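To keep things clear, I will list the structure first and then write my remarks on it.
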Amino acid sequence: MKAHYELIKNEKNTKARLGIMHTNYGDFETPMFMPVGTQATVKTLSPEELKEVHSGIILANTYHLWLRPGEDVVNKAGGLHKFMNWNGPILTDSGGFQVFSLSKPKDVTEEGVKFKNHLNGDNLILTPEKSIEIQNKLDSDIAMSFDECVGFPHTRKYIEDSVERTLRWAKRGKLVHKNEKQALFGIVQGAEFEDLRKHCCEELIKMDFDGYSIGGTAVGEPKDVQYMQVEYSCKYLPVDKVRYLMGVGDPIDIIENTIRGVDIFDCVAPTRLARHGHALTKYGKINLKNAKYKEDFTPIDENCDCYACKNYTKSYIKHLINADETFGARLLSIHNIRYLTKLCEDLREAIKNDTILDYKEEFIKNYYGKEKNK
RNA sequence: GCGGAAUUGGUGAAGUGGUUAACACGCCGGAUUGUGGCUCCGGUAUGCGUGGGUUCGAUUCCCACAUUUCGCC
(Lines give C-alpha, C1' and ligand atoms only; values in the text may rest on other atoms or scores of the structure.)
Protein backbone atom coordinates (compact mmCIF):
# COMPACT_ATOMS: atom_id res chain seq x y z
CA MET A 1 0.00 0.00 0.00
CA LYS A 2 1.16 3.51 -0.78
CA ALA A 3 0.65 6.34 1.67
CA HIS A 4 -2.59 8.11 0.84
CA TYR A 5 -4.83 10.89 2.10
CA GLU A 6 -8.38 10.74 3.38
CA LEU A 7 -10.29 14.00 3.65
CA ILE A 8 -12.49 14.05 6.76
CA LYS A 9 -13.90 17.54 6.91
CA ASN A 10 -13.64 21.04 5.47
CA GLU A 11 -13.76 23.90 7.95
CA LYS A 12 -16.88 26.00 7.40
CA ASN A 13 -15.36 29.47 7.24
CA THR A 14 -11.96 28.86 5.65
CA LYS A 15 -10.14 26.47 3.35
CA ALA A 16 -8.73 24.50 6.31
CA ARG A 17 -9.07 20.72 6.11
CA LEU A 18 -9.11 17.87 8.58
CA GLY A 19 -7.76 14.62 7.22
CA ILE A 20 -5.91 11.38 7.81
CA MET A 21 -2.78 10.12 6.12
CA HIS A 22 -2.68 6.33 5.94
CA THR A 23 0.78 4.77 5.69
CA ASN A 24 2.37 1.36 6.14
CA TYR A 25 3.88 2.61 9.35
CA GLY A 26 0.71 3.98 10.88
CA ASP A 27 -1.80 6.74 10.28
CA PHE A 28 -1.65 10.33 11.35
CA GLU A 29 -4.15 13.13 11.34
CA THR A 30 -3.65 16.39 9.46
CA PRO A 31 -2.88 19.24 9.79
CA MET A 32 0.40 17.84 11.08
CA PHE A 33 3.85 19.22 11.78
CA MET A 34 6.82 17.07 10.73
CA PRO A 35 10.18 17.47 12.54
CA VAL A 36 13.31 17.37 10.41
CA GLY A 37 15.78 14.52 10.79
CA THR A 38 18.23 15.34 8.01
CA GLN A 39 20.76 12.60 8.71
CA ALA A 40 18.35 9.88 9.80
CA THR A 41 18.01 11.39 13.25
CA VAL A 42 16.06 14.31 14.61
CA LYS A 43 19.03 15.98 16.23
CA THR A 44 19.44 15.03 19.91
CA LEU A 45 16.20 12.97 20.11
CA SER A 46 15.65 9.23 20.35
CA PRO A 47 12.73 7.60 18.51
CA GLU A 48 11.05 7.04 21.88
CA GLU A 49 11.23 10.76 22.59
CA LEU A 50 9.83 11.50 19.15
CA LYS A 51 6.84 9.30 19.89
CA GLU A 52 6.36 11.10 23.18
CA VAL A 53 6.09 14.48 21.49
CA HIS A 54 3.48 13.02 19.11
CA SER A 55 5.45 13.35 15.90
CA GLY A 56 3.17 11.73 13.36
CA ILE A 57 5.84 11.63 10.70
CA ILE A 58 9.43 12.78 10.29
CA LEU A 59 11.51 14.04 7.39
CA ALA A 60 14.91 12.77 6.29
CA ASN A 61 17.17 14.08 3.57
CA THR A 62 18.22 12.42 0.33
CA TYR A 63 21.25 14.60 -0.29
CA HIS A 64 22.83 13.96 3.09
CA LEU A 65 22.12 10.24 3.24
CA TRP A 66 23.39 9.85 -0.32
CA LEU A 67 26.76 11.30 0.73
CA ARG A 68 26.84 9.53 4.08
CA PRO A 69 26.42 6.68 4.78
CA GLY A 70 25.18 6.09 1.21
CA GLU A 71 21.79 4.75 0.15
CA ASP A 72 23.14 1.22 -0.29
CA VAL A 73 24.11 1.03 3.37
CA VAL A 74 20.64 2.09 4.40
CA ASN A 75 19.14 -0.36 1.93
CA LYS A 76 21.21 -3.26 3.26
CA ALA A 77 20.17 -2.29 6.79
CA GLY A 78 16.60 -2.96 5.68
CA GLY A 79 15.56 0.58 4.82
CA LEU A 80 15.44 3.82 6.71
CA HIS A 81 12.89 2.68 9.30
CA LYS A 82 14.99 -0.23 10.44
CA PHE A 83 18.26 1.63 10.05
CA MET A 84 17.20 4.38 12.45
CA ASN A 85 14.78 2.32 14.55
CA TRP A 86 11.80 4.58 13.77
CA ASN A 87 8.62 2.65 13.10
CA GLY A 88 6.53 5.67 12.18
CA PRO A 89 6.11 7.27 8.75
CA ILE A 90 9.06 8.95 7.01
CA LEU A 91 9.10 11.48 4.20
CA THR A 92 12.30 12.12 2.28
CA ASP A 93 13.20 15.41 0.69
CA SER A 94 14.67 15.07 -2.79
CA GLY A 95 17.71 17.29 -2.51
CA GLY A 96 15.74 20.08 -4.13
CA PHE A 97 16.35 22.41 -1.24
CA GLN A 98 20.09 21.92 -1.63
CA VAL A 99 19.65 23.32 -5.14
CA PHE A 100 18.71 26.52 -3.37
CA SER A 101 21.13 26.40 -0.46
CA LEU A 102 24.27 24.85 -1.97
CA SER A 103 24.38 25.46 -5.72
CA LYS A 104 25.09 28.50 -7.83
CA PRO A 105 22.85 29.44 -10.77
CA LYS A 106 25.38 28.11 -13.28
CA ASP A 107 25.31 24.71 -11.56
CA VAL A 108 21.71 24.10 -12.59
CA THR A 109 21.54 22.34 -15.94
CA GLU A 110 18.88 20.40 -17.81
CA GLU A 111 20.48 17.15 -16.71
CA GLY A 112 20.53 18.03 -13.02
CA VAL A 113 22.43 20.06 -10.45
CA LYS A 114 26.15 20.07 -9.76
CA PHE A 115 27.28 20.06 -6.17
CA LYS A 116 30.58 20.05 -4.42
CA ASN A 117 30.43 17.35 -1.78
CA HIS A 118 30.74 19.30 1.46
CA LEU A 119 32.49 16.38 3.16
CA ASN A 120 35.41 15.85 0.78
CA GLY A 121 35.11 18.36 -2.06
CA ASP A 122 34.16 15.83 -4.78
CA ASN A 123 32.26 17.21 -7.74
CA LEU A 124 28.87 15.53 -7.89
CA ILE A 125 25.73 15.80 -9.95
CA LEU A 126 22.28 15.05 -8.61
CA THR A 127 19.66 14.34 -11.25
CA PRO A 128 15.92 13.68 -10.99
CA GLU A 129 16.53 10.00 -11.75
CA LYS A 130 19.31 9.69 -9.19
CA SER A 131 17.24 11.40 -6.51
CA ILE A 132 14.34 9.01 -7.00
CA GLU A 133 16.63 5.97 -7.13
CA ILE A 134 18.19 6.99 -3.85
CA GLN A 135 14.80 7.54 -2.25
CA ASN A 136 13.58 4.17 -3.54
CA LYS A 137 16.49 2.54 -1.77
CA LEU A 138 16.06 4.56 1.40
CA ASP A 139 12.53 3.16 1.37
CA SER A 140 10.79 6.15 2.91
CA ASP A 141 6.99 6.20 2.90
CA ILE A 142 6.79 9.37 0.88
CA ALA A 143 9.33 10.56 -1.69
CA MET A 144 9.67 14.01 -3.24
CA SER A 145 10.26 14.84 -6.88
CA PHE A 146 13.55 16.57 -7.56
CA ASP A 147 12.77 20.23 -8.12
CA GLU A 148 14.52 23.54 -8.42
CA CYS A 149 13.83 25.66 -5.35
CA VAL A 150 14.44 29.27 -6.31
CA GLY A 151 15.28 31.89 -3.71
CA PHE A 152 13.77 35.31 -3.25
CA PRO A 153 13.94 37.72 -4.98
CA HIS A 154 14.09 36.52 -8.59
CA THR A 155 12.92 37.52 -12.04
CA ARG A 156 9.76 36.29 -13.71
CA LYS A 157 11.76 35.07 -16.66
CA TYR A 158 13.91 32.86 -14.44
CA ILE A 159 10.84 31.42 -12.72
CA GLU A 160 9.16 30.72 -16.06
CA ASP A 161 12.14 28.64 -17.20
CA SER A 162 12.59 27.08 -13.78
CA VAL A 163 8.98 25.90 -13.53
CA GLU A 164 9.25 24.19 -16.92
CA ARG A 165 12.48 22.52 -15.87
CA THR A 166 10.96 21.39 -12.58
CA LEU A 167 8.05 19.88 -14.54
CA ARG A 168 10.39 18.02 -16.87
CA TRP A 169 12.35 16.78 -13.86
CA ALA A 170 9.11 15.64 -12.17
CA LYS A 171 8.21 13.60 -15.25
CA ARG A 172 11.68 12.06 -15.49
CA GLY A 173 11.63 11.14 -11.82
CA LYS A 174 8.22 9.56 -12.03
CA LEU A 175 9.35 7.37 -14.93
CA VAL A 176 12.08 5.74 -12.84
CA HIS A 177 10.10 5.51 -9.61
CA LYS A 178 9.94 1.79 -8.86
CA ASN A 179 9.17 1.41 -5.16
CA GLU A 180 5.53 0.33 -5.09
CA LYS A 181 5.12 0.91 -1.36
CA GLN A 182 6.39 4.46 -1.62
CA ALA A 183 4.20 7.45 -2.49
CA LEU A 184 5.69 10.10 -4.77
CA PHE A 185 4.75 13.76 -4.55
CA GLY A 186 5.03 16.46 -7.21
CA ILE A 187 6.29 19.89 -6.16
CA VAL A 188 4.51 23.07 -7.13
CA GLN A 189 6.80 25.97 -8.00
CA GLY A 190 6.06 29.29 -9.71
CA ALA A 191 6.99 31.76 -7.01
CA GLU A 192 4.41 34.52 -6.50
CA PHE A 193 2.98 34.34 -10.02
CA GLU A 194 -0.51 32.89 -10.00
CA ASP A 195 -0.52 31.87 -13.64
CA LEU A 196 2.75 29.98 -13.20
CA ARG A 197 1.56 28.24 -10.02
CA LYS A 198 -1.68 27.31 -11.82
CA HIS A 199 0.18 26.00 -14.83
CA CYS A 200 2.53 24.01 -12.60
CA CYS A 201 -0.39 22.46 -10.68
CA GLU A 202 -2.22 21.50 -13.86
CA GLU A 203 0.81 19.84 -15.41
CA LEU A 204 1.65 17.96 -12.21
CA ILE A 205 -1.94 16.77 -11.86
CA LYS A 206 -1.75 15.35 -15.39
CA MET A 207 1.17 13.25 -14.20
CA ASP A 208 -1.02 12.02 -11.33
CA PHE A 209 1.13 12.21 -8.22
CA ASP A 210 0.15 10.69 -4.88
CA GLY A 211 0.27 14.09 -3.20
CA TYR A 212 1.48 17.60 -3.81
CA SER A 213 4.08 19.73 -2.16
CA ILE A 214 4.20 23.49 -2.27
CA GLY A 215 7.76 24.64 -2.78
CA GLY A 216 9.62 27.88 -3.22
CA THR A 217 8.45 29.16 0.16
CA ALA A 218 10.43 29.90 3.32
CA VAL A 219 13.34 31.17 1.24
CA GLY A 220 13.36 34.76 2.46
CA GLU A 221 10.12 36.10 1.01
CA PRO A 222 7.83 38.40 3.02
CA LYS A 223 4.97 36.72 4.88
CA ASP A 224 2.24 38.15 2.66
CA VAL A 225 4.05 36.81 -0.41
CA GLN A 226 4.29 33.37 1.21
CA TYR A 227 0.58 33.31 1.98
CA MET A 228 -0.20 34.42 -1.56
CA GLN A 229 1.97 31.65 -3.00
CA VAL A 230 0.12 29.10 -0.89
CA GLU A 231 -3.26 30.45 -1.99
CA TYR A 232 -2.20 30.35 -5.63
CA SER A 233 -1.18 26.72 -5.20
CA CYS A 234 -3.98 25.24 -3.07
CA LYS A 235 -6.54 26.85 -5.35
CA TYR A 236 -5.51 24.55 -8.19
CA LEU A 237 -4.76 21.33 -6.29
CA PRO A 238 -7.16 18.38 -6.06
CA VAL A 239 -9.15 18.07 -2.82
CA ASP A 240 -8.54 14.34 -2.49
CA LYS A 241 -4.75 14.60 -2.30
CA VAL A 242 -2.62 15.80 0.56
CA ARG A 243 -0.81 19.15 0.44
CA TYR A 244 2.57 19.59 2.05
CA LEU A 245 4.03 23.06 2.51
CA MET A 246 7.79 22.71 2.47
CA GLY A 247 10.01 24.37 5.04
CA VAL A 248 7.38 26.38 6.87
CA GLY A 249 7.12 26.00 10.63
CA ASP A 250 6.69 29.39 12.27
CA PRO A 251 3.62 28.99 14.52
CA ILE A 252 1.75 31.89 12.93
CA ASP A 253 2.60 30.60 9.44
CA ILE A 254 1.28 27.15 10.33
CA ILE A 255 -2.04 28.70 11.32
CA GLU A 256 -2.25 31.06 8.35
CA ASN A 257 -1.40 28.35 5.85
CA THR A 258 -3.68 25.76 7.44
CA ILE A 259 -6.45 28.27 6.88
CA ARG A 260 -5.38 28.40 3.24
CA GLY A 261 -5.65 24.61 2.83
CA VAL A 262 -2.28 23.10 3.78
CA ASP A 263 -2.16 19.69 5.52
CA ILE A 264 1.49 19.00 6.36
CA PHE A 265 4.36 21.27 7.43
CA ASP A 266 8.01 20.72 8.17
CA CYS A 267 10.69 23.01 9.52
CA VAL A 268 14.10 22.89 11.16
CA ALA A 269 13.08 25.78 13.41
CA PRO A 270 11.98 23.90 16.55
CA THR A 271 15.19 21.87 16.71
CA ARG A 272 17.55 24.58 15.54
CA LEU A 273 16.01 27.16 17.86
CA ALA A 274 16.36 24.60 20.66
CA ARG A 275 20.07 24.17 20.05
CA HIS A 276 20.44 27.93 20.24
CA GLY A 277 18.52 28.23 23.49
CA HIS A 278 15.08 29.37 22.34
CA ALA A 279 11.71 28.04 23.42
CA LEU A 280 8.34 28.51 21.74
CA THR A 281 5.62 29.60 24.14
CA LYS A 282 2.06 30.80 24.10
CA TYR A 283 3.40 34.32 24.57
CA GLY A 284 5.97 34.20 21.82
CA LYS A 285 9.47 32.88 21.37
CA ILE A 286 11.69 33.28 24.42
CA ASN A 287 15.48 33.22 24.63
CA LEU A 288 16.59 31.23 27.64
CA LYS A 289 20.04 32.78 27.38
CA ASN A 290 18.50 36.02 28.65
CA ALA A 291 19.68 36.93 32.13
CA LYS A 292 16.11 37.31 33.39
CA TYR A 293 15.68 33.52 33.47
CA LYS A 294 18.66 32.88 35.71
CA GLU A 295 16.53 32.34 38.80
CA ASP A 296 13.24 31.53 37.11
CA PHE A 297 12.31 28.24 38.75
CA THR A 298 9.10 27.74 36.78
CA PRO A 299 8.68 25.51 33.71
CA ILE A 300 8.72 26.96 30.19
CA ASP A 301 4.96 26.44 30.08
CA GLU A 302 2.98 25.18 33.07
CA ASN A 303 0.26 23.82 30.79
CA CYS A 304 2.59 21.93 28.45
CA ASP A 305 2.56 18.14 28.81
CA CYS A 306 6.09 17.59 27.51
CA TYR A 307 8.86 15.91 29.50
CA ALA A 308 10.85 19.14 29.77
CA CYS A 309 7.96 21.17 31.16
CA LYS A 310 6.84 18.44 33.55
CA ASN A 311 10.28 18.02 35.11
CA TYR A 312 12.56 21.01 34.61
CA THR A 313 12.74 24.75 35.25
CA LYS A 314 13.80 27.58 32.97
CA SER A 315 16.69 28.25 35.34
CA TYR A 316 18.04 24.72 34.93
CA ILE A 317 17.60 24.60 31.17
CA LYS A 318 19.25 28.03 30.89
CA HIS A 319 22.18 26.67 32.87
CA LEU A 320 22.49 23.68 30.52
CA ILE A 321 22.40 25.91 27.45
CA ASN A 322 24.95 28.33 28.92
CA ALA A 323 27.20 25.41 29.80
CA ASP A 324 26.78 24.01 26.30
CA GLU A 325 25.38 20.74 27.62
CA THR A 326 23.51 18.72 24.98
CA PHE A 327 20.81 17.78 27.45
CA GLY A 328 19.62 21.40 27.27
CA ALA A 329 19.23 21.20 23.49
CA ARG A 330 17.41 17.90 23.93
CA LEU A 331 14.94 19.27 26.49
CA LEU A 332 14.24 22.32 24.32
CA SER A 333 13.87 20.19 21.18
CA ILE A 334 11.34 18.04 23.01
CA HIS A 335 9.44 21.12 24.11
CA ASN A 336 9.51 22.95 20.78
CA ILE A 337 8.40 19.96 18.74
CA ARG A 338 5.65 19.19 21.23
CA TYR A 339 4.63 22.85 21.03
CA LEU A 340 4.09 22.54 17.27
CA THR A 341 2.39 19.14 17.35
CA LYS A 342 0.07 20.49 20.06
CA LEU A 343 -0.61 23.54 17.90
CA CYS A 344 -1.67 21.14 15.14
CA GLU A 345 -3.89 19.23 17.56
CA ASP A 346 -5.57 22.49 18.50
CA LEU A 347 -6.01 23.38 14.84
CA ARG A 348 -7.64 20.00 14.15
CA GLU A 349 -9.99 20.57 17.03
CA ALA A 350 -10.82 24.04 15.73
CA ILE A 351 -11.52 22.63 12.28
CA LYS A 352 -13.91 20.06 13.80
CA ASN A 353 -15.70 22.88 15.58
CA ASP A 354 -15.50 25.38 12.71
CA THR A 355 -13.82 27.87 15.02
CA ILE A 356 -10.42 28.25 13.41
CA LEU A 357 -10.70 32.01 12.85
CA ASP A 358 -11.47 32.55 16.54
CA TYR A 359 -8.57 30.31 17.43
CA LYS A 360 -6.23 32.29 15.21
CA GLU A 361 -7.32 35.64 16.68
CA GLU A 362 -6.80 34.44 20.24
CA PHE A 363 -3.47 32.84 19.36
CA ILE A 364 -2.04 35.94 17.73
CA LYS A 365 -3.23 38.13 20.58
CA ASN A 366 -1.22 36.03 23.03
CA TYR A 367 1.76 35.32 20.80
CA TYR A 368 2.48 38.91 19.83
CA GLY A 369 0.64 40.86 22.50
CA LYS A 370 2.48 40.07 25.67
CA GLU A 371 5.83 39.59 24.01
CA LYS A 372 5.80 43.19 22.84
CA ASN A 373 4.98 44.43 26.35
CA LYS A 374 7.95 42.73 27.88
C1' G B 1 65.13 45.28 56.28
C1' C B 2 67.66 45.68 51.17
C1' G B 3 67.31 45.18 45.82
C1' G B 4 64.56 44.00 41.23
C1' A B 5 59.95 43.40 38.44
C1' A B 6 54.93 44.26 37.82
C1' U B 7 50.10 47.06 38.38
C1' U B 8 45.37 48.37 31.53
C1' G B 9 37.58 46.10 31.41
C1' G B 10 34.47 40.43 34.54
C1' U B 11 39.10 37.36 32.83
C1' G B 12 43.75 36.64 29.80
C1' A B 13 46.16 40.33 27.77
C1' A B 14 48.24 44.07 23.25
C1' G B 15 49.70 49.00 22.91
C1' U B 16 51.32 54.36 22.17
C1' G B 17 54.04 61.34 24.34
C1' G B 18 48.86 63.53 20.52
C1' U B 19 41.95 62.00 16.65
C1' U B 20 37.54 56.53 18.46
C1' A B 21 42.97 51.80 24.12
C1' A B 22 44.03 45.84 19.54
C1' C B 23 42.56 40.93 20.08
C1' A B 24 40.43 36.71 22.65
C1' C B 25 37.19 34.68 26.27
C1' G B 26 33.14 35.97 29.33
C1' C B 27 28.89 38.82 29.84
C1' C B 28 24.38 41.44 27.61
C1' G B 29 21.20 41.43 23.35
C1' G B 30 19.57 39.87 18.35
C1' A B 31 19.13 36.43 14.14
C1' U B 32 17.87 31.46 12.55
C1' U B 33 11.92 28.55 7.95
C1' G B 34 12.22 21.26 2.45
C1' U B 35 19.47 21.90 8.53
C1' G B 36 26.71 22.02 4.85
C1' G B 37 24.22 20.78 13.68
C1' C B 38 27.30 23.01 17.74
C1' U B 39 26.61 29.15 13.49
C1' C B 40 26.16 34.28 12.29
C1' C B 41 25.47 39.63 13.71
C1' G B 42 25.64 43.55 17.26
C1' G B 43 26.87 45.77 22.22
C1' U B 44 30.27 45.66 26.15
C1' A B 45 37.28 50.18 29.74
C1' U B 46 34.86 58.76 29.30
C1' G B 47 39.47 55.11 31.13
C1' C B 48 45.17 52.25 31.72
C1' G B 49 46.90 51.09 40.87
C1' U B 50 46.74 56.13 44.07
C1' G B 51 48.63 61.13 44.61
C1' G B 52 51.83 64.71 42.70
C1' G B 53 55.20 66.63 38.79
C1' U B 54 57.32 67.53 33.58
C1' U B 55 54.76 68.88 28.91
C1' C B 56 50.75 72.63 24.49
C1' G B 57 49.21 67.46 25.60
C1' A B 58 50.45 61.61 29.55
C1' U B 59 47.73 55.35 30.13
C1' U B 60 52.75 56.10 27.94
C1' C B 61 58.31 60.23 31.02
C1' C B 62 59.81 61.56 36.44
C1' C B 63 58.88 61.28 41.98
C1' A B 64 56.34 59.40 46.22
C1' C B 65 52.98 55.97 48.17
C1' A B 66 50.02 51.36 47.98
C1' U B 67 49.50 46.40 46.42
C1' U B 68 51.42 41.89 44.19
C1' U B 69 55.57 39.04 43.10
C1' C B 70 60.81 37.35 42.79
C1' G B 71 65.68 37.33 44.96
C1' C B 72 69.00 38.36 49.18
C1' C B 73 69.88 38.99 54.52
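Everything numeric in this text was worked out from a predicted model, so none of it was measured.
In this structure, the nucleotide among B/U35, B/G29, B/A31 sitting nearest to the side chain of A/N290 is B/G29. When the nucleotides B/U33, B/U35, B/A31 are ranked by their closest atom to the side chain of A/K43, B/U35 comes out on top. Each of B/G34, B/U33, B/G37 was ranked by its minimum atom distance to the side chain of A/D250; first place goes to B/U33. For A/C267, counting side-chain heavy atoms from C-beta on, the closest listed nucleotide (B/G30, B/U35, B/U33) is B/U33. Listed candidates were B/G37, B/G34, B/U39. Nearest to the side chain of A/Q189 is B/G34. Side-chain proximity of A/D93 to B/G34, B/G37, B/G29: nearest is B/G34. Closest contact between the side chain of A/V268 and the listed nucleotides B/G30, B/U33, B/U32 involves B/U33. Checking B/U33, B/G37, B/U32 against every side-chain atom of A/D253, the shortest atom distance belongs to B/U33.
Side-chain nitrogen and oxygen atoms of A/N287 include at least one within less than 4.0 Å of the OP1 or OP2 phosphate oxygen of B/G30.
A donor-acceptor contact under 3.5 angstrom links the side-chain atoms of A/K223 to the base of B/U33. Applying the 3.5 Å distance criterion, the base of B/U35 shares no donor-acceptor pair with the side chain of A/S101. A donor-acceptor contact under 3.5 angstrom links the side-chain atoms of A/R275 to the base of B/U35. Remark: the A/R272 side chain and the B/U35 base include a donor-acceptor N/O pair separated by less than 3.5 Å.
Taking atom P in both B/A45 and B/G9, the straight-line distance is 12 Å, to the nearest Å.
The side-chain tip of A/K51 points at the ring of A/W86 from less than 6.0 angstrom away and within 45° of straight on. Geometrically, A/R197 does not engage A/Y236 in a cation-pi contact defined by less than 6.0 Å to the ring centre and at most 45° from the axis.
Evaluated for a side chain to side chain contact (heavy atoms under 4.5 Å, CB included) with A/S94, the options A/F185, A/F146, A/W169 yield exactly one hit, A/F146.
Ring geometry for A/Y339 versus A/H335: interplanar angle of 30 to 60°, hence tilted. In this structure, A/Y312 and A/F327 have perpendicular ring planes: the angle between them is above 60°, well past the 30° mark. Between A/F152 and A/H154, the ring planes are perpendicular. Angles over 60° get that label, and only those under 30° would be called parallel.
In secondary-structure terms, RNA chain B builds stems of at least 3 consecutive Watson-Crick or G-U pairs, each pair having both distances under 3.5 Å, at B:1-7 with B:66-72, B:10-12 with B:23-25, B:26-31 with B:39-44, B:49-53 with B:61-65.
Using modelled atom types, one finds no donor on one side chain facing an acceptor on the other under 3.5 Å when comparing A/S333 with A/K43.
No aromatic stack links A/H64 and the base of B/U35, using centre distance under 5.5 Å and interplanar angle under 30°.
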